[in-house]
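Excluded from the calculations below are hydrogen atoms, water molecules and symmetry mates; all remaining heavy atoms, backbone and side chain alike, are included.
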Amino acid sequence: MIDVKKQRKKEQDKAKTRKRMNVTVDPANYIYYPAKKQLDYYDNDTHQRVVIYVRVSTDDVKQTTSYELQKKYYEDFVVHHPNWTLVKIYADEGISGTNMDKRKDFKQMIADAKAGMFDMIICKNVSRFARNITDCIGIVRDLAAMKNPVGVFFESECIFSLNDDSQMGLSFLAIMAEEESHTRSRSMETSLRMRLDNGIPLTPKLLGYTHDADCNLIINEDEAPTVKLCFFMYLYGYSTQQIANALIALGRKSYLGNIKWTSGSIVQILRNERHCGDVLTRKTYTPNYRDHLSKKNRGERPQSKYLNHHPAIVSRDDFIAVQQLIDNAKYRNKSYLPELRVIDSGIFKGFVVVNPRWAAFKEPEYFQASQSVYPRVTDDDIVTGVDKEIEVTVEAGAFDMRGFQVTRAEFFDSNSRPAVSFSDRRIKFNAPCIRKFAPSTHAELLINPVERKLAIRPTDKSNRNSIEVSKISSKRYTSREVPATAFYDTIFSLLGWNRDHKYRIIGTLYEQDGEVAFIFDAANSEAYLQSFLIPIQEHTDDGTSTIQPFMSSGKRVRAIPEEWTRSFGRNFYANELSLSALDQQSEQDWEIRMEGRLYEAGKKVNVTSFDELRAFIKQELAGISLQEVTT
């Protein structure tokens, strides 16, 4: 049913509105102020200060023609507008439009615009102005928002940025310009990959080499001795800075033609595999076509390596040796080539001597060295699962210990027991451990990756594998943290540990004829977890948590192996058997100071002999004093 009163009220309101809108303006009492005339690129009646922006994306000689023609064309373009005054021409040559970092003139133009030096920018098209949509739209809007707006006229698209209807078209064209750059980048990447992976690697100019008529690398007899001297001096024991000083004193020129040598430039020579005749492709890559920043290729892009691609200046073995020395130099351990030594018998059978400053060896080398002293085993020899059942005969009157366990030492006062801890890329042996080594403050670290065990035995400072594990303070031996950055990740991988956790292992003392050592079994390691890494606790219906931490330790929670929750320790008779087996070992089996034999990791490296290194260095350094090299 229609409400007549509401209908009548609505009609009355409409009539009032119409009456208000039909207003008669009295000309005698009304003044109209028109808006200022909007600036436009085709307006010849308003004086405008204009600038021109020109850009070509490469520094190819052919692009120079385009560069000069653009400048000439727009100079004439301005002349045909009588009220335009050409303030300046800004030009970037050989610069990509996807990033502004290297566009010196473009950045200067924007700064001048904000300083009020001109009213309009003329550019050939949107892609010349910018190939990055964020830069293009952002800059145009910033210029339009200024107190005295500056417009951009894109001549090819006939778009003037200060026009209200220009934004949609400008945004679309900016997207197209950026995508065109992206497409070109992908095309170039595909072309480069086809070239590098199909026998046509890039071989740019390099010290020690020149290119023949077919662009193949051939040895430059004048420059090659400089390269060889760098490798030989480093193998001999000179530092990269001392090598740089020697080259400066000799007046040797770099591939750029100057005599400015630095430690970094020497490292670049020593790291370049092309000096040993090989070529490794795609060492770096550019992940972002917008900023063009290159990154070191760590497996993100495929690589190809061409061996014996061209004549070598130094042998591949010398090159490999130098790489190992450089890797170890980061950890102050560069005076000799790293080596692996494995102990083939005795209590330390299968243990490999470790230097925590070495970075040259990884998990496979340690496993291979350790396994080399064990007999080959087949699948039938491997026993998995729980311990074998032990047959026990109890004599009459003897106490039956079946069902009893020898309790783990970790359940008692473990702080008074020898232990080693791993945290923050450092290794630390506690006081009960290092005091047993007194008066020695240095020790030798060993690892058995097959049995997942660590060992430590005292040594003297002259041992090049020694680590300082303690220091004397107030006539007492106190523990010292051992930096182990080079070896830390490797040891965690060998022992199957999580790098987010700290670990601690209680050790077992072995002593023979005054010699002592400790062995630490990773199977008995305790982990210390940050509380936020503990899984969300599950609860039963009565609110009881099903996950309980063992105990807290500072800001971390102490965790124990799962099998510890099912028993207190080892079966009494199993423990007795293991002790009996130890008693039956010979004196040689217990020998603690047994030296490890050298293990060749991978292919044997035949480094140039010491005498040959010295003879070549002496020949090349003739005429300069040792003082010039070492200062």
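Within 6.0 Å of atom OH in Tyr255, 12 or fewer heavy atoms from other residues, nucleotides or ligands are found, so the atom counts as exposed in its surroundings. The number of heavy-atom neighbours closer than 6.0 Å to NZ of Lys349, taken from other residues, nucleotides and ligands shown, is above 12.
Residues passing the salt bridge (Lys or Arg N to Asp or Glu O under 4.0 Å) test with Asp611, sequence neighbours excluded: Arg614.
Between the side chain of Arg128 and the backbone N or O of Arg55, at least one donor-acceptor pair lies under 3.5 Å. No donor-acceptor pair closer than 3.5 Å links the side chain of Ser440 to the backbone N or O of Pro458.
Between Cys230 and Leu270 there is a side-chain heavy-atom pair separated by less than 4.5 Å. Two residues are said to be in side-chain contact when any heavy atoms from C-beta on lie closer than 4.5 Å; Val469 and Thr441 fail this criterion.
In plain terms, the two heavy atoms of Ile313 and Ala224 that are nearest each other are CG2-O, 3.7 Å. When all heavy atoms of Ile259 and Ile248 are compared, the pair lying nearest together is O-CG1, 3.7 Å. Taking each heavy atom of Arg457 and Phe348 in turn, the nearest pair found is NH1-CD1, 3.7 Å.
Taking the ring centre of Tyr477 as origin, the terminal cationic atom of Lys471 falls outside the region bounded by 6.0 Å and 45° from the ring axis.
Using a 4.0 Å cut-off between charged nitrogen and carboxylate oxygen, Arg499 and Asp489 count as a salt-bridge pair. Between Glu620 and Arg252, at least one side-chain nitrogen of the basic residue sits less than 4.0 Å from a carboxylate oxygen of the acidic one, meeting the salt-bridge criterion. No salt bridge links Lys428 with Glu481; every basic N to acidic carboxylate O contact stays at or beyond 4.0 Å. One finds a salt bridge joining Asp278 and Arg316 here, because a Lys/Arg side-chain nitrogen approaches an Asp/Glu carboxylate oxygen to under 4.0 Å.
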Practice prompt. Run the numbers on Tyr209 and Glu223 for side-chain contact (heavy atoms from CB on, under 4.5 Å), then give the verdict.
Written response: CA-CA 7 Å; Tyr209 291 95; Glu223 297 177 351; over 6 Å; no
Practice prompt. Start with the C-alpha distance between Ile269 and His275, add both sets of side-chain angles, then the distance that settles side-chain contact (heavy atoms from CB on, under 4.5 Å), and finish with yes or no.
Written response: CA-CA 8 Å; Ile269 291 175; His275 288 127; 3.7 Å; yes
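Between Tyr53 and Tyr90, the distance separating the two ring centers is not shorter than 6.0 angstrom.
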